[in-house]
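Naming convention: chains lettered A, B, ... in sequence-line order (proteins, then strands); numbering from 1 in each chain.
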Amino acid sequence: MATKKKVLLKVIILGDSGVGKTSLMNQYVNKKFSNQYKATIGADFLTKELMVDDRVVTMQIWDTAGQERFQSLGVAFYRGADCCVLCYDVNVAKTFENLDSWRDEFLIQAGPRDPDNFPFVVLGNKIDLENQRVVSQKRAASWCQSKGNIPYFETSAKEAINVEQAFQTIARNAIKLEDGLVFPIPTNIQVIPEPQPAKSGCC
Amino acid sequence: MNKVDMNAFVSQNLFDKFPQRIECIEQWEYKGKKHLFIGTTEGHVLVYDVIEKENQHGNIQVSVIIRDTKLVSKKPITQMSIFDDYNKLLVLTDGDLKVYDLIQFDVTTGITLMKAKGCSTYAVSYQPGSLSLVAAVKKKLVLYGWDGSDFYELKEFNMPDIAKHIDYRGNFIIVCFKKVYNIINTQDGSVINVDADKLTFTTFLQENEFLMVKGSMSFFINTAGNPVRRHSITWQDAPSSMSIYQPFAISIEPRLVEVQILPDPNDPKTISQSLFLPACKSISAKRDIYVSSATSIWRLQPLPILDLVDQMVTKQEYETAINLLQTSKDIIPGIKERLIKIKTSAAYHLFSKEQFQAAMGYFISAQVDPLKIISLYPGLLPAHLQDKLSTPFNIRDIENNPRALPELEHYLVEFRKNKIEYSSPPELLNSGYTLQELVDTTLLKVYIKHKASLIPHFFHLKNHCHIEESERVLLEEKKLTELILFYKSKDLHRKALTLLAKSSNISPNDTISYLSQLGEKHIGIILEHSKWVLQKCPEDALKIFTVDRKDPLSPDDVIPHLKQCAPSLLRPYLEHIINDPISPNKNPEYHNQLVFEYLGSILELIKQTPNSAIVREPGLIPAGKESGELGELRTKIIQFLENSKYYLPEKMLSRFPSNDLYEERAILLSKIGRHEQALAIYAHKLKNFAMAEEYCDRHYNKDSEESRDVYLSLLNVYLKPTDANTSPLLDPALKLLNKHYRSINTPKALSLLPLNTPIDQLYPFFESVIRDNTKTKRDNQIVKNLFKSENFKIKDELSQLKTGVIKITEDLTCPICNKIFLGTQAFVARPDGTALHYHHKNDKQHQSWFE
């Protein structure tokens with residue numbers, strides 16, 4: 001049986017300044033949240049090991065600077081990403097409207113051969129501030145649908161709502177890309193269990 | 001691996017036939033003066049002054065003069081080390097380790113390290129600020145520290161065997177045995193045992209990495225015992241000793257001294273020099289380098305680093321040249337320019353070798369202008385620019401090379417992010433291109449060639465693509481969808497739309513969705529280009545005008561356009577703007593227009609009915625209940641007429657037929673307060689008394705002059721039809737009278753009733769009215785008497801209060817002025833028993849006291 005190689009997934013989080021990219025990452029990896037805002041400079045990453053199906057996967061989550069003046073990442077940074085997480089704040093319309101640009105910008109930087117099938121995941125964050133909400137779930141979901149069925153999650157880094165589920169999906173989608181690169185999986189696979197060799201194999 | 005020769009050192013012979021047998025050599029620098037120490041088999045340590053003179057060629061000529069000779073031992077001087085910082089000499093001879101002070105070099109004052117007696121070999125870890133020593137004594141290692149003037153014992157380690165060779169750096173000692181070596185961590189005493197057949201010795205390269213020498217090979221090993229580089233160094237022969245003199249490794253081999261540049265881990269190469277100095281066995285490489293055989297000593301003098309760099313450039317070993325320059329500790333004038341020049345050459349060289357990625361790295365780091373880089377890919381620059389640039393070589397079919405193109409893409413994308421420094425290409429002057437335009441247009445061409453699916457994303461972002469050139473290449477490649485996106489990104493909407501209209505394989509829906517994205521700013525274009533889609537598929541095209549925009553279209557532009565091109569869309573459009581839930585349009589003109597639209601359509605439908613089997617009789621079927629579109633439209637118009645506050649009903653009446661659409665007419669009449677006419681329609685035209693009554697219920701208001709008499713009006717309508725052919729409707733009139741007698745003025749009602757009305761039919765009415773009136777009269781009587789008794793009660797209270805007595809004493813003061821009442825001063829007595837001076841009464845500010 002072929003041994004499964006250890007999987008390292010590179011995940012990049014993008015989105016406008018202040019939508020909660022760092023908080024989402026911190027909530028997922030460290031289970032911590034702080035109300036204090038501190039702009040990210042350049043990029044920073046945390047790693048987390050998780051199980052996807054029966055595989056142990058190490059996810060390297062890159063948190064980036066939303067503010068343009070702190071963005072120092074070159075093309076090389078984006079290349080080799082396995083999944084891109086686009087974040088916005090459901091309470092600020094502009095952050096949602098900018099998702100288009102973030103997506104296009106990412107694709108140009110990363111230059112994937114098949115941009116239409118590159119795995120993205122969209123996170124609408126800060127849903128704990130429900131009464132200030134301006135971007136409806138429907139609107140976001142329909143945007144995601146129009147971009148090739150991007151998985152969409154409504155999250156709250158503060159209340160730890162949906163964060164775990166979102167990152168699980170991120171890992172799952174990222175791993176698909178990794179696998180796809182090694183050997184494209186045909187759509188129909190029949191798994192036939194190998195016959196177990198008889199224990200008393202002495203003849 | 002190719003072997004490259006270099007010429008990095010020249011050797012100068014200092015001694016040819018040394019009178020004693022040389023065992024080891026060392027050097028000492030003290031107060032700027034250099035000294036050479038020679039340890040001999042005979043047990044002498046000889047000290048020479050070293051004199052360096054520069055000859056006319058700029059080469060250094062070295063000569064030595066004997067200064068001192070000391071007989072240290074009767075046995076050979078096996079090993080020798082000098083610590084310049086402390087001016088101490090360490091000597092291994094006859095199994096003893098002895099330390100001498102060099103300032104007053106006196107053999108008798110040497111200190112023997114007692115624990116190290118029987119030492120076979122030693123090693124020191126000597127770095128600025130730290131000195132320690134390890135001595136191999138039989139099957140033991142003795143570790144010494146340095147306190148600034150003397151060695152002191154630190155630790156001992158037991159060994160499995162007698163050490164053949166040891167090396168020491170930082171916290172690690174490498175001990176070589178016959179077929180294994182041990183890595184000892186001096187901090188925690190841990191030992192790693194590594195098998196190594198044919199092991200000769202090891203030598204530290206840096207803190208945690210050493211070279212393990214095995215036959216004619218050396219391997220890079222870290223202090224965990226693992227090989228750290230994929231490559232090794234191969235020597236011509238088996239080295240017996242080695243010194244690291246950055247960036248070189250100098251190896252002593254039986255017939256020669258071999259120097260190699262320590263290979264770059266990313267691109268290992270053998271770059272070596274052989275110095276044929278036979279039978280050497282000892283080397284001292286500190287500030288200067290000396291090597292010795294038993295009878296000869298040579299000084300190895302490095303050539304200026306730039307010489308070596310030039311050699312490397314000539315041999316196209318650019319990376320080595322760059323590394324040499326970058327790691328050199330010497331101050332080299334013009335190093336920056338030199339580096340740029342070499343990197344540029346390196347870039348071109350690597351590129352010609354099809355090592356595109358590495359080449360691009362050097363192009364970027366040498367800040368080569370983008371034009372030159374792009375020109376290496378023929379067919380990407382506009383012809384007039386490509387002609388200006390001469391490319392040094394051509395790689396076949398590079399513009400389609402799947403390894404070459406991504407590197408250019410990479411470069412251009414990086415360039416767009418302003419992350420690349422470059423020098424401005426002079427060729428761009430008057431070329432019609434800015435650098436940004438050139439870069440973006442080239443990127444587009446690269447995408448066309450190998451990643452067409454990224455083009456839409458590229459055009460969504462702000463781009464500086466050159467219009468004509470981009471247009472040309474997109475057309476050439478028949479990338480029409482992309483061309484349309486391009487036009488759009490450049491606000492060239494007319495061009496985009498013309499193309500959309502022309503391309504047969506693109507559906508009108510694309511034009512529709514394109515136009516839907518343009519705002520009022522582009523109204524001219526929208527009107528112009530919506531014509532054909534409005535005609536071809538009006539239902540879908542309506543979206544152009546009704547879609548949500550940030551910059552909405554003005555109905556003043558849209559309505560005349562629709563009237564002209566697609567009159568059938570006028571109604572849905574008006575409905576859309578008027579029923580908009582967020583900002584409904586309140587312009588009376590549009591409301592009127594919508595009414596006319598409904599009316600027009602309804603009349604058209606009615607006109608068509610005579611052809612059908614059933615002849616329509618106006619008013620027979622209640623409005624809105626008709627089958628089909630007519631019913632729908634009438635429901636709509638009635639709702640609209642009732643609910644809209646903005647249309648002008650006065651203007652409408654003349655447009656509506658007088659012999660049909662009664663319901664609508666009634667609503668219009670009611671809107672302008674002509675209740676009687678409206679009611680006449682319900683009563684006589686529609687004969688719908690319930691509706692008439694409902695109408696009255698809706699409009700009756702006893703406080704409004706206009707609406708006070710609506711029931712009376714209905715009565716009037718019932719009893720006195722204006723049309724002579726219509727007979728009065730007595731029955732509904734009486735019913736109305738009986739039901740709503742309270743809201744109808746009785747005398748006026750009676751005067752309306754025809755004289756021949758049977759009195760018994762009026763009986764319920766009269767009874768109700770009379771009962772009602774009697775009741776009102778009685779109620780009023782009760783109220784009147786209640787008021788009367790109230791009046792009496794108050795009068796009684798007043799007289800009670802008026803009869804009160806007040807006594808004016810000296811203690812009684814007026815609360816207004818706090819003074820007493822004097823003599824016959826007039827005063828006012830208040831019901832609460834206080835008194836006020838009467839003269840305050842004229843003071844306005846005190847009025848409240850008197851109320």
Side-chain angles (χ1 to χ4, degrees), chain A residues 12 14 16 41-43 64-81 84 86 93-94 96-120 122 134-136 138-140 142-143 145-148 150 177 180-181, chain B residues 356-358 360-361 363-365 370 402-421 439-440 442-465 481-482 485-486 488-489 513 516-517 547-551 582:
Chain A
I12 296 179
L14 296 177
D16 279 6
I41 294 171
T64 61
Q67 293 182 34
E68 191 143 4
R69 65 196 166 106
F70 291 145
Q71 287 168 14
S72 58
L73 306 167
V75 176
F77 172 78
Y78 294 93
R79 312 227 151 172
C84 175
L86 302 170
K94 193 85 199 139
F96 175 73
E97 285 150 20
N98 283 344
L99 287 186
D100 255 318
S101 299
W102 282 112
R103 179 166 167 271
D104 290 324
E105 189 64 61
F106 172 82
L107 288 171
I108 291 303
Q109 298 293 324
R113 207 147 260 295
D114 185 7
D116 300 325
N117 288 317
F118 187 87
F120 284 92
V122 171
V134 294
V135 181
S136 70
K138 204 178 140 203
R139 185 172 168 205
S142 98
W143 185 85
Q145 174 109 38
S146 73
K147 303 295 174 192
I150 301 179
L177 185 77
L181 285 179
Chain B
F356 304 110
Q357 190 176 2
M360 222 39 107
F363 277 129
I364 291 172
S365 114
R403 285 187 306 114
L405 275 180
E407 294 308 326
L408 183 62
E409 177 205 341
H410 198 139
Y411 171 83
L412 296 169
V413 168
E414 197 94 53
F415 187 92
R416 295 185 84 238
K417 279 195 105 181
N418 300 324
K419 296 232 183 291
I420 287 176
E421 288 179 49
V439 164
D440 281 7
T442 309
L443 185 55
L444 171 63
K445 292 178 188 174
V446 172
Y447 284 146
I448 289 178
K449 282 187 187 294
H450 89 135
K451 275 187 196 165
S453 51
L454 277 175
I455 300 173
H457 301 286
F458 180 52
F459 288 149
H460 285 156
L461 297 172
K462 192 170 178 255
N463 69 76
H464 296 98
C465 288
T481 320
E482 287 82 356
L485 279 175
F486 173 65
K488 194 171 162 197
S489 77
S513 75
S516 302
Q517 290 164 46
V547 79
D548 260 342
R549 290 180 160 84
K550 273 188 192 155
D551 168 23
I582 293 154

I'd like to know whether CG of B:D548 has more than 12 heavy-atom contacts from other residues, nucleotides or ligands below 6.0 angstrom. no

Contact part of B:Y411 toward chain A, heavy-atom cut-off under 4.5 Å: side chain, backbone, both or neither? neither

Check whether any side-chain heavy atom of B:H457 lies under 4.5 Å from a side-chain heavy atom of A:D116, and answer yes or no. yes

Residue from A:R103, A:R79, A:E105 scoring the most non-hydrogen pairs under 4.5 Å with chain B is A:R79

Interface check, chain A: of B:E409, B:K451, B:H450, B:E414, most non-hydrogen pairs under 4.5 Å belong to B:E414

If you round to the nearest 0.5 Å, how far is CG of B:L454 from CG of A:L107? 6.5 Å

Atom pair NZ (B:K417) and CD (A:Q109), whose distance is rounded to the nearest 0.5 Å: 4.0 Å

Does CD in A:E97 sit with more than 12 non-hydrogen atoms of other residues, nucleotides or ligands closer than 6.0 Å? yes

